[in-house]
Protein chains: 2
Amino acid sequence: MERHPKHLPADERRLATVESVIELAAAQNPSEITTAAIASHMRVTQGALFRHFLNKEAIWQAAMEWVAERLLARVDRAAAGIESPLAALEAMFMSHVEFVVEHPGVPRMMFGELQRAEPTPAKRMVQTLIQRYGVRLHRLLEQGKACGELSSGLDVEAAATLFVGTIQGLVMQSMLAGEVGRIRRDAPRVFAIYERGLRSTQ
Amino acid sequence: MERHPKHLPADERRLATVESVIELAAAQNPSEITTAAIASHMRVTQGALFRHFLNKEAIWQAAMEWVAERLLARVDRAAAGIESPLAALEAMFMSHVEFVVEHPGVPRMMFGELQRAEPTPAKRMVQTLIQRYGVRLHRLLEQGKACGELSSGLDVEAAATLFVGTIQGLVMQSMLAGEVGRIRRDAPRVFAIYERGLRSTQ
DNA sequence: TAAGATAGTAAGTACTCACTCACTATTGCG
DNA sequence: CGCAATAGTGAGTGAGTACTTACTATCTTA
């Protein structure tokens with residue numbers, strides 16, 4: 001069982017490249033990840049990368065596609081089959097947090113990509129990811145209002161912004177402390193306050 | 001009245017340099033701001049910078065000191081003399097938001113600096129800024145609990161994390177839309193939900 | 001007003017980056 | 001097996017980076 005076979009079929013090599021980027025982003029500033037670092041992390045020379053990707057930008061685009069697919073699939077799976085919209089929101093929140101703890105580089109990559117001035121393909125990928133994420137939030141929040149679980153006067157747009165910000169705040173806090181594990185501990189405590197802001201008072 | 005006098009005393013040149021960095025960060029990825037870009041923005045050759053700063057890192061450190069001073073002074077001024085802790089929190093929130101709208105590059109710089117692997121002087125500056133910010137939040141939140149304005153069971157640490165995250169969420173949303181003005185519009189709506197999560201139910 | 005101190009210029013240097021290309025090793029199929 | 005297609009190597013290249021240095025312009029003050 002060879003851990004690092006020299007030759008890989010193109011699609012496997014592309015996947016390995018993307019996974020290398022995600023792993024490297026967990027430990028260092030994503031914008032400082034060089035093609036040389038990616039290549040050496042997967043025990044291949046730098047030139048080999050450009051046999052599978054047109055340029056560095058294409059690598060980032062593929063990485064953000066990887067993220068979008070997995071993150072949306074995971075939160076969808078977590079929320080599926082849960083009756084209560086509020087409970088579904090919580091499940092979505094916790095599975096998102098779990099994803100971030102597993103891949104701490106991901107929020108950094110997304111934030112870094114968003115603040116690019118030029119609309120790179122990777123940036124557009126992040127934008128559509130967040131937009132699709134927002135659709136799911138809106139749906140659940142509206143359902144919650146409809147069934148009386150959430151406050152009837154709830155500002156759904158603001159609640160969606162705050163949902164994302166809540167996770168962003170956890171990420172920021174974990175970067176301050178320098179340990180990702182904190183996120184898992186703090187997530188339920190922070191969500192509790194968020195939830196309290198949404199609930200209908202009865 | 002000359003807008004760009006060739007010769008400036010050292011301290012004025014240093015201030016102009018820092019302000020250039022803040023302005024440039026409003027329009028582009030902070031980690032892509034080169035010394036050449038800073039110099040040309042202030043109509044000076046690149047070499048002139050290194051007469052006033054030891055290296056690029058020192059420029060960033062000075063920039064983060066500038067931020068820390070102004071941001072803390074502003075939120076302190078906003079909260080000063082307000083009786084109700086909750087109202088003080090809101091004033092602090094709104095003045096912070098106003099600061100971010102005036103200097104949209106600042107949150108990007110802070111986030112970018114935090115995710116550095118190495119503990120640069122600038123990174124440490126951001127860490128102490130956020131820590132000092134946290135002290136203020138804790139104080140107000142505890143006061144709010146004591147006077148009965150906030151829920152007696154409130155998790156103060158989580159509430160502080162969420163406060164920062166709330167602003168972070170607004171920043172993220174404005175980067176998505178590509179217009180900073182949104183922040184000002186959305187801030188009260190998002191804060192309303194946050195506040196609802198803190199308040200004591202009576 | 002002369003001269004020393006201060007601030008800015010212009011042309012460098014060494015280095016790192018993304019990307020290329022001629023060549024070689026491996027793989028899989030007729 | 002033989003050979004064509006595929007994947008990887010290693011030594012480039014040029015552009016862009018932070019930083020240096022020898023020189024010059026401008027300010028300040030005795």
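Chain identifiers are assigned alphabetically (A, B, ...) following the order of the sequence lines, protein sequences preceding nucleic acid strands; residue numbering begins at 1 within each chain.
Rounded to a whole Å, the NZ atom of B:Lys56 is 15 Å from the P atom of D:dG16. The CD1 atom of B:Ile33 sits 18 Å away from the P atom of D:dG16 (whole-angstrom rounding). With rounding to whole Å, B:Phe53 atom CZ is found 15 Å from D:dT20 atom P. Between the P atom of C:dA11 and the CZ atom of B:Phe50 lies a distance of 18 Å, rounded to the nearest Å. Straight-line distance from the CE atom of B:Met42 to the C1' atom of C:dG8: 11 Å, rounded to whole Å. A:Glu12 has its CD atom 10 Å from the P atom of C:dG28, to the nearest Å.
To the nearest 0.5 Å, the span separating CD on B:Glu57 from CD on B:Glu118 amounts to 8.0 Å. Within the model, atoms CZ of A:Arg70 and CD1 of A:Ile22 stand 9.0 Å from one another, a figure rounded to the nearest 0.5 Å.
A salt bridge links B:Arg189 with B:Asp186: the closest approach of a Lys/Arg side-chain nitrogen to an acidic carboxylate oxygen falls below 4.0 angstrom.
Distance alone, capped at 3.5 Å, places no donor-acceptor pair between the A:Arg116 side chain and the A:Gly112 backbone. A side-chain donor-acceptor contact under 3.5 Å links A:Arg196 to the backbone of B:Arg199.
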What string of B, S and - do you get for nucleotides 3-12 of chain D, 5' to 3', if B is base contact, S is sugar-phosphate-only contact and - is no contact with any protein heavy atom under 4.0 Å? ----BBBB--
Please list every donor-acceptor pair under 3.5 Å in which a side-chain atom of residues 80-96 of chain B meets a protein atom from a residue at least two apart or in another chain.
from    : atom 1 : to       : atom 2 : distance (Å)
B:Ser84 : OG     : B:Leu86  : N      : 3.3
B:Ser84 : OG     : B:Ala87  : N      : 2.9
B:Ser84 : OG     : B:Glu149 : OE1    : 3.2
B:Ser84 : OG     : B:Glu149 : OE2    : 2.7
B:Ser95 : OG     : B:Ala91  : O      : 3.2
B:Ser95 : OG     : B:Met92  : O      : 3.0
B:His96 : ND1    : B:Tyr133 : OH     : 2.6

